[in-house]
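Worksheet for the structure shown next.
Heavy-atom basis, side chains included; hydrogens, waters and symmetry copies ignored. In what follows, chains are A, B, ... by sequence order, proteins preceding strands, each numbered from 1.
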Amino acid sequence: MSGAPQIRREALRRGLLTGGAAISAAIVPALLRAGPAFAQEATSEGDPGIVEGAIGLEQTAVLVYGIAVGSKLLGPATPVAELFRKQEQAHADVLIATLKDLGGSVPAPPRPADVAGLSEVKTDKDFLDFALELENLAVATYADALMNLQDPALMKQMAPIMANEGQHLVVLRQALGSNPVPTAFPTGNEKG
Amino acid sequence: MRPESPLYNPVSRRRLMQACGLTIAGGSAAFVAACGDEDSGETDEAGDARALNVALAFAYAGTSAYKQTAALLGPTQEIGDQFAKQEQEHATAIAGAIGDLGGTPVRPKTDSEYAQALGLGKLKTEPEALAFLVEFEQMAIYAWLDAVPKITNHDLRTVAGEIAANGAQHVSVLVGVQSGNDPEEQSPQAFVTGAKPTVKL
């Protein structure tokens, strides 16, 4: 599996694209346009490709939370972004080590300009909404990874990460005042 | 299988599987035909049923535990009610799936049997109930995560991962009640592993 189809599938999961449509900047929301930035690097097939795609997503999350920390946008809630940044980095570090063991090439981390829409985040609510979408994308990505991985060892590695992203969603939803656990089966397809 | 088939897209396929499992309590012959066809050459249906049955026992027990501790939860009873329903959703879906795999889902015990097995009678206060529920959820998470790599059916493996994630979310909420929604407590580790079960269900 290459990265780009996986990203398109995430967009499809959200009903944001019509079947068979190519990724288009005009119709894909800002955050999802971050996808091709790392998808371009995800050239491996099979398990290495899946790991590579997950690394790209984790690197994006590290970047986004890092920017939130640096900007103090969240005020007293800044430690939350720092906590999540460290945890996303821990995910990335483990996955990078795995990818190297698999003989894959580690994708270059994205730059802020690669994450379309990030520059438009101006308020704490903007950031929380942005982070919520990112975490939902992460859950969706790991759910699809569990479906497509061949190596049970990689499944054991990714399922605990998916669960942690689910916990991030709880914290973010509580900060936004919404139901923290809206579904019994978190697929990343939840609205909010 | 034609590319335009709804079963061709793995996301759509899983959606269909969930729809089968959630809406047809007790199982459906159409489940395997419609939802598990891609995996038929590589799957071990008996092994999948065994792995799912171990975790299913926790979904049944969780449903009962939340119901039986509801009175102790006081202002957080609404949370307990919601989580009891979600545990029941897990149980209904997985029991149906096991039946569709040709297996026999474990049967739920009675509330009094769960009270005995889980020591629910010892719980007297809200903090005690919350602490118990957190401990129980950690064991359930472990059970679901343990099942994930053992399940050969791709769709069911994904659902097991989602249930583990849901359990982790329950823990975050329960710990949040205990800690005043302290994120350091709600998401203490980057890798959620749960805790090895210490109860026999």
Point to revise | Steps toward side chain to side chain contact (heavy atoms under 4.5 Å, CB included) verdict (V148(B), K156(A)) | key: CA-CA 7 Å; V148(B) 164; K156(A) 290 178 71 172; over 6 Å; no
Point to revise | Structural part of V94(A) lying under 4.5 Å from a heavy atom of chain B | key: side chain
Study note, to complete from the structure: Residues A190(B) and H91(A): closest non-hydrogen pair is O-NE2, 2.7 Å
Review point. Under a 4.5 Å heavy-atom cut-off, does chain B meet the side chain of L83(A), its backbone, both or neither?
Key: side chain
Study note, to complete from the structure: Pair count under 4.5 Å, heavy atoms only, with chain B: among A153(A), P180(A), A90(A), highest is A90(A)
Revision key, fill the gap. Cut-off 4.5 Å, heavy atoms of chain A, and the answer for Q82(B) is side chain
**Study point:** Side-chain (E162(B)) to main-chain (T187(A)) donor-acceptor, under 3.5 angstrom
**Key:** no
Check your understanding: Are Q169(B) and H168(A) side-chain neighbours, meaning at least one heavy-atom pair lies under 4.5 Å?
Key -> no
Review point. Any side-chain heavy-atom pair from V181(A) and H170(B) closer than 4.5 angstrom?
Key: yes
Check your understanding: So what's closer than 4.5 Å to chain B heavy atoms on N179(A): side chain, backbone, both or neither?
Key -> side chain
**Study point:** Within 6.0 Å of CD in E128(B), more than 12 heavy atoms from elsewhere
**Key:** yes
Review point. Can you tell which of T183(A), L149(A), L169(A) has the highest number of heavy-atom pairs within less than 4.5 Å of chain B?
Key: T183(A)
Practice item. For a side-chain contact (heavy atoms from CB on, under 4.5 Å) with F185(A), tell me which candidate from N166(B), V159(B), T158(B) qualifies. Key: V159(B)
**Study point:** For Q167(A) against P188(B), the heavy-atom pair lying closest together
**Key:** OE1-CD, 4.5 Å
Review point. What is the distance from atom CG of N164(A) to atom CZ of F191(B), rounded to the nearest 0.5 Å?
Key: 8.0 Å
Review point. Is the backbone N or O of S187(B) less than 3.5 Å from a side-chain atom of Q87(A), with the two atoms forming a donor-acceptor pair by type?
Key: yes
Check your understanding: Who among T193(B), N181(B), I163(B) has the most heavy-atom pairs with chain A under 4.5 Å?
Key -> N181(B)
Study note, to complete from the structure: Rounding to 0.5 Å, atoms CE (M155(A)) and CG (L145(B)) come to a distance of 13.5 Å
Check your understanding: Relative to chain B, which segment of L154(A) carries a heavy atom at a distance below 4.5 Å: side chain, backbone, both, or neither?
Key -> neither
**Study point:** Nearest heavy atoms of P186(A) and A165(B), plus distance in Å
**Key:** CG-CB, 3.9 Å
Practice item. Considering non-hydrogen atoms only, spot the tightest contact between M147(A) and D155(B) and give its length. Key: CE-OD1, 3.3 Å
Exercise for review: Check P152(A) against P149(B) and note the closest heavy-atom contact, atom names and distance.
Suggested key: O-CB, 3.7 Å
